[in-house]
There are 2 protein chains.
Amino acid sequence: MSGEEKGVHGRRTGRRPGDARSRELILDAARTSFAATGYAATTIRGVATAAGVDPALVHYFFGTKDGLFAAVMELPLNPSQLVEDIVAGDVAGLGERLARRFLEVWDDPVTGPPLTGLIRGAASHAPSADLLREFIGREMLVRIAASAGRPDAVLRANLCAAQLMGTALLRYVLRVEPLASTGAGDLLGWLGPTLQRYLTADTPERPVG
Amino acid sequence: MSGEEKGVHGRRTGRRPGDARSRELILDAARTSFAATGYAATTIRGVATAAGVDPALVHYFFGTKDGLFAAVMELPLNPSQLVEDIVAGDVAGLGERLARRFLEVWDDPVTGPPLTGLIRGAASHAPSADLLREFIGREMLVRIAASAGRPDAVLRANLCAAQLMGTALLRYVLRVEPLASTGAGDLLGWLGPTLQRYLTADTPERPVG
DNA sequence: GTCTATATCGTGATAGAC
DNA sequence: GTCTATCACGATATAGAC
């Protein structure tokens with residue numbers, strides 16, 4: 001306000017001036033909007049209004065709409081750590097640990113919404129689809145499936161992903177009842193064995209037909 | 001061209017004038033576009049161009065973009081008939097019959113694409129979401145689950161739907177490999193037992209945690 | 001039944017004052 | 001760091017000629 005403050009303590013001392021609270025307000029609003037309505041239906045003007053700031057500010061901070069999306073999708077979770085936790089332990093409990101971690105992350109109010117936005121966006125926004133594919137593939141499930149040491153590990157990982165993404169779609173995006181309201185503990189009993197079977201069972205016979 | 005022809009054979013004779021081939025061309029193009037890029041990214045101009053007609057014609061036939069979408073989603077399949085086919089037969093084969101019909105319908109080049117469009121649209125287009133919820137719920141899976149005669153039939157149906165919608169998302173929308181290229185026969189061996197367990201197994205114990 | 005022309009709107013993005 | 005003003009674009013939709 002009253003001129004430059006730098007230099008009082010010598011160079012590079014004191015906190016940098018930028019990033020007032022507005023940046024976080026914008027990110028929060030964007031997170032909510034992307035999660036609630038997807039990429040296409042989210043407008044910069046709408047985000048700005050929800051955040052109580054001017055639309056131009058959004059561009060100032062994030063450049064483009066894609067930049068804003070990318071910033072929101074900087075997921076506050078560490079896939080490698082997750083994989084380590086799931087893989088650690090006996091193979092017999094692999095499916096249940098996977099299901100448990102999955103539900104924890106999606107039920108969490110901070111890590112869940114960006115993921116919901118990711119699924120919504122994957123339908124019509126190519127970068128989202130790529131991100132989700134990557135998330136499904138390389139980073140997570142393939143490594144888990146590989147740790148079980150069975151053949152067809154990638155297909156097994158895909159099947160797990162299908163069960164989990166489908167659960168996410170119905171439970172968190174479409175909010176289909178009763179699945180959306182069923183407790184994570186009850187769901188575990190259903191999902192755990194399914195994942196366990198995909199990960200460790202013998203490759204099934206091909207049914208007639 | 002040369003004035004009115006009615007009255008030659010008395011009233012109400014001869015075929016009605018409307019519905020030239022353009023209508024079908026538009027529907028085909030719209031089906032493709034909705035399936036490929038989703039609702040938001042599909043433009044009336046794009047559909048008109050792909051169909052080789054004028055954009056105004058689209059409005060003439062279908063009124064609004066939503067009207068066009070609704071027309072495309074008049075699914076060329078009969079849910080009641082499907083349910084009957086699946087339910088008929090021994091309960092032990094219920095899961096496999098469900099998986100087989102599902103893959104048949106989605107792999108079919110005429111019934112598959114509209115369904116792909118439906119999933120894409122459900123992410124950000126409320127009417128699509130409603131339609132999909134209805135399709136998942138009332139019309140199909142709940143009736144199938146009920147036929148197995150176990151408690152929690154609706155939750156069981158939701159779990160089946162999660163597995164199937166997730167499979168559709170990865171296989172037909174995101175085209176994740178190797179799931180997208182795996183033959184229906186091989187998939188049956190994996191999906192059938194999962195659905196069978198959801199439909200007929202005892203309600204599982206709730207795992208600790 | 002088909003197309004041309006256009007009205008109206010909302011979007012993402014930028015330039016520049018303060 | 002924030003806001004005003006505006007641009008260029010593409011969308012849906014409509015009126016009306018042929």
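Just the heavy atoms: all of them, side chains too, but no hydrogens, waters or symmetry mates, feed the values below. A, B, ... follow the sequence lines: proteins, then strands. Residue 1 opens every chain.
A donor atom on one side chain and an acceptor atom on the other are found under 3.5 Å apart for B:T37 and B:T42.
Under 4.0 angstrom from either OP1 or OP2 of C:dT2 there lies at least one side-chain N or O belonging to B:S22. Applying the 4.0 Å criterion to OP1 and OP2 of C:dG1, one finds that B:Y60 has a side-chain N or O inside that range.
Contact annotation: side chain of A:R45 to base of C:dG12, donor-acceptor pair present below 3.5 Å.
Taking every side-chain heavy atom of A:K65 into account, C:dG12 is the closest of D:dA13, C:dT2, C:dG12. For A:A56, the listed nucleotide lying nearest its side chain is D:dT4; candidates were D:dT14, D:dT4, D:dT2. Minimum atom distance to the side chain of A:L57 is reached by D:dT2, of the listed D:dA13, D:dT2, C:dA13. For A:T43, the listed nucleotide lying nearest its side chain is C:dT11; candidates were C:dT4, C:dT11, D:dT4. In this structure, the nucleotide among C:dT2, D:dT4, D:dA13 sitting nearest to the side chain of B:I44 is D:dA13. Among the nucleotides D:dA13, C:dT14, C:dT2, the one closest to the side chain of B:T64 is D:dA13.
For B:D54 and D:dA11, the CG to P distance is 14 Å, given to the nearest whole Å. Protein atom NE2 of B:H59 is 9 Å distant from nucleotide atom C1' of D:dT14, rounded to whole Å. Rounded to whole Å, atom C1' of C:dT14 lies 18 Å from atom CZ of A:F62. The distance from atom CZ of A:R23 to atom C1' of D:dT2 is 16 Å, rounded to the nearest whole Å.
Ion pairing of B:R97 with B:D85 is absent here, as no side-chain N (NZ or NE/NH1/NH2) approaches a carboxylate O to less than 4.0 Å. At a threshold of 4.0 Å, the pair B:D28-B:R21 does not count as salt-bridged, since none of the basic side-chain nitrogens sits closer than that to a carboxylate oxygen.
The CZ atom of A:R101 sits 8.5 Å away from atom CD of A:Q81, with the distance rounded to the nearest 0.5 Å.
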